[in-house]
> 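Below: one structure in structure tokens.
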Protein chains: 2
Amino acid sequence: MGKIICKQCDFKSAAARTLSEMELDGLESGCAKTNFKPGEIIIKQNALSTNVAYLKSGLAKVHFSDPMKERIMRIVKAPTYVGLPSNFGNKVNQFSVTALENCSVCFLDLAAFKKFIFENGDFAYNIILEMSKNELKNFHNCLNNSQKQTTGRIADAVLFFYKEIYERPAFTLPISRHDLGNLAGTTRENASRVLTQLHNEGIIRISGKKVAILNEKLLQQISEKG
Amino acid sequence: MGKIICKQCDFKSAAARTLSEMELDGLESGCAKTNFKPGEIIIKQNALSTNVAYLKSGLAKVHFSDPMKERIMRIVKAPTYVGLPSNFGNKVNQFSVTALENCSVCFLDLAAFKKFIFENGDFAYNIILEMSKNELKNFHNCLNNSQKQTTGRIADAVLFFYKEIYERPAFTLPISRHDLGNLAGTTRENASRVLTQLHNEGIIRISGKKVAILNEKLLQQISEKG
DNA sequence: TGCTTATTGTGATATTTATCACAGGCATAA
DNA sequence: TTATGCCTGTGATAAATATCACAATAAGCA
């Protein structure tokens, strides 16, 4: 693994782009870059959140992992910070984050990060911006899950992978049926059933984990109506 | 309504307490204090969010108000900011906020608020702290609602009013059965049924909107298990 | 006061969803 | 190869929940 040079990093967050060369040197000294393979745990629930995690590249799932009630909250795609609310709102991580693809993550020193907030208003503002947008996403996500029924939520998830993650109408699901069901708040059986149903209606084409959106408009309608 | 003097305000937020006298003068010049009666709309969904709202006193409900899918997201109690994520993450309010009791709200100039974030790191940090805590609350809230069944969610709501809002075991519900159901993600009928069931089991005492917690431990168990 | 409207409780029924059961597919490792 | 452990699809059934229907009460208001 090569030396980390934050100054020359091409994946800087909006906040980090406001930092001066000197500040970036400071960031670098407390920064550890780590790579993760699919299935590896990036952030472990209930561990002390002493570092800010910045997902530089890759795809990961954010999930609440209690023995009895595992639940995938959302899928996150680089570049993004993960777990900022835990960093600031609590001493321990409120959830786990697990890699779905190869991920490259920078763990930043929390104290240095706080220092930037105190000393660089532009940096602080950009963090507030990112947190605000994330919260609104969660808000709508939560709303959707509580108001739609299973078919609509699975349609939602498929559209999410299409629009937010892969940005093209044909892709390979990065998760199993079990996890897809969990993400949509249902069981693997129902997730599977809904996918075949949408397939049979010609709205999507499913082959294993490969998905192709055939009738986006209709899928959108299903997502919205129920 | 008397003159607003932010400097002498006894209800300052943690963030506002970091401001200097001069800064408080600046806050004051762009501040409008308004009182609301129960049922009055404090923040209107889809309106431009040009002001930061600070709930100085009172109780309010945060709800998504689409014609077809009304949903109460949470109940907020002063003192707290409401709608910060909309202020920063979007130009329009993503939800409505409606007073449940008499509420006193300060509407602050967004530009001045942003200026403090840029110029006063302590202020910015406190805002990040409040946003982080709120997000974690929402996170757990969302998780609960998706994993418990109706009885547990209603028990949850009752405990919420007890612990977070009134802080005593006997209180008067500030909302109708319809709204209680909506808050807990169910119908008014089921909300009503669960309350009578808990009443018959001697766990709570219900009389109209008056609630008394008789067996907190058991209620807690119901909230956790189901 | 009487009228109108909102709120509430409760039973019966329909709908939705989870659970259970089972079989085939597919990968990995002994 | 066989054995093992996931993952998957699908039907049958059970459980949870929403919807509908109706009555009673409470609250607002002219």
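The sequence lines fix the lettering, A, B, ..., with proteins before strands; numbering per chain opens at 1. What you see is a predicted model; the values in this text were computed from it and never measured.
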> Is the phosphate of D/dA18, meaning OP1 or OP2, less than 4.0 Å from a side-chain N or O of B/T186?
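Yes.
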> Whole-Å distance between D/dG9 C1' and A/H178 NE2?
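My rounded result for the distance is 15 Å.
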> If only side-chain N and O atoms of B/S192 are considered, is one of them under 4.0 Å from the OP1 or OP2 phosphate oxygen of C/dT8?
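No, because none of the side-chain N or O atoms of B/S192 sits under 4.0 Å from OP1 or OP2 of C/dT8.
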> Rounded to the Å, how far apart are A/I154 CD1 and C/dT16 P?
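Value for this atom pair: 16 Å.
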> Under 4.0 Å from OP1 or OP2 of C/dT7: is there any side-chain N or O of B/K209 that close?
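Indeed not, no polar side-chain atom of B/K209 lies that close.
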> Is it true that A/E101 and A/K77 have a side-chain N and a carboxylate O under 4.0 angstrom from each other?
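Answer for the salt bridge query: no.
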> Closest to the B/T187 side chain: D/dT17, D/dT19, C/dG9?
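Given the options D/dT17, D/dT19, C/dG9, the side chain of B/T187 is closest to D/dT19.
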> Check the distance between D/dG11's C1' and A/Q197's CD and give it to me in whole angstrom.
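From A/Q197 CD to D/dG11 C1': 16 Å.
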> My understanding is that only residues two or more places apart in sequence, or in another chain, count here; which of them pass side chain to side chain donor-acceptor pair (under 3.5 Å) with A/S146?
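Per chain and number, A/S146 pairs via side chain to side chain donor-acceptor pair (under 3.5 Å) with B/R71.
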> A/R71 has an atom CZ; how far is it from atom P of C/dA18, in whole Å?
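Atom-to-atom, A/R71 to C/dA18, this comes out as 11 Å.
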> Charged N to carboxylate O under 4.0 angstrom, B/K163 versus B/E216?
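Here B/K163 pairs with B/E216 in a salt bridge, since their nearest N and O are under 4.0 Å apart.
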> Pairing donors with acceptors under 3.5 angstrom, does anything connect the side chains of B/Y162 and B/E167?
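Distance-only check fails for B/Y162 and B/E167.
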> Please report, rounded to the nearest Å, how far the P atom of D/dA18 is from the CG atom of B/N190.
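Atom CG in B/N190 sits about 5 Å away from atom P in D/dA18.
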> Check ring pair (Phe, Tyr, Trp, His ring centres under 6.0 Å) between A/F64 and all other residues, then give those that pass, not counting sequence neighbours.
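Per chain and number, A/F64 pairs via ring pair (Phe, Tyr, Trp, His ring centres under 6.0 Å) with no residue.
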> May I ask you to say what B/G181 touches in the nucleic acid, namely base, sugar-phosphate or nothing, with a heavy-atom cut-off under 4.0 Å?
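Answer is nothing: B/G181 stays at 4.0 Å or more from every strand.
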> A/R177 has an atom CZ; how far is it from atom P of C/dG25, in whole Å?
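In whole Å, C/dG25 P lies 16 Å from A/R177 CZ.
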> Side chain of B/Q149, heavy atoms from C-beta onward: which of D/dA18, D/dA16, C/dT8 has the nearest atom to it?
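Nearest to the side-chain atoms of B/Q149, counting from C-beta on, is D/dA16.
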> Take atom CD1 of A/I175 and atom P of D/dC6, then tell me their distance rounded to the nearest Å.
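Atom CD1 in A/I175 sits about 19 Å away from atom P in D/dC6.
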> Between the side chains of A/E70 and A/N182, is a donor N or O closer than 3.5 angstrom to an acceptor N or O?
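There is no such pair between these side chains.
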> Taking atom C1' of D/dT17 as reference, at what distance in whole Å does atom CD of B/Q147 sit?
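Value for this atom pair: 18 Å.
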> Closest approach to the side chain of A/R193, judged atom by atom: which nucleotide of C/dC22, D/dG11, C/dT10 is it?
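Out of C/dC22, D/dG11, C/dT10, the nucleotide with an atom closest to A/R193's side chain is D/dG11.
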> Between residues 198-208 of chain B and DNA chain C, which residues have a heavy-atom gap below 4.0 Å?
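The stretch gives none, as no residue of it lies under 4.0 Å from the strand.
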> Would you kindly compare A/K148 and A/E189 by the position of their nearest DNA chain C nucleotide and give the one closer to the 5′ end?
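Taking each residue's closest nucleotide, the earlier one in sequence belongs to A/K148.
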> Check whether the side chains of B/S13 and B/Y54 place a donor and an acceptor atom closer than 3.5 Å, and report yes or no.
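B/Y54 and B/S13 do not have a side-chain donor-acceptor pair below 3.5 Å.
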> Does B/T150 put a side-chain nitrogen or oxygen below 4.0 Å from OP1 or OP2 of D/dA16?
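Negative; the distance criterion is not met.
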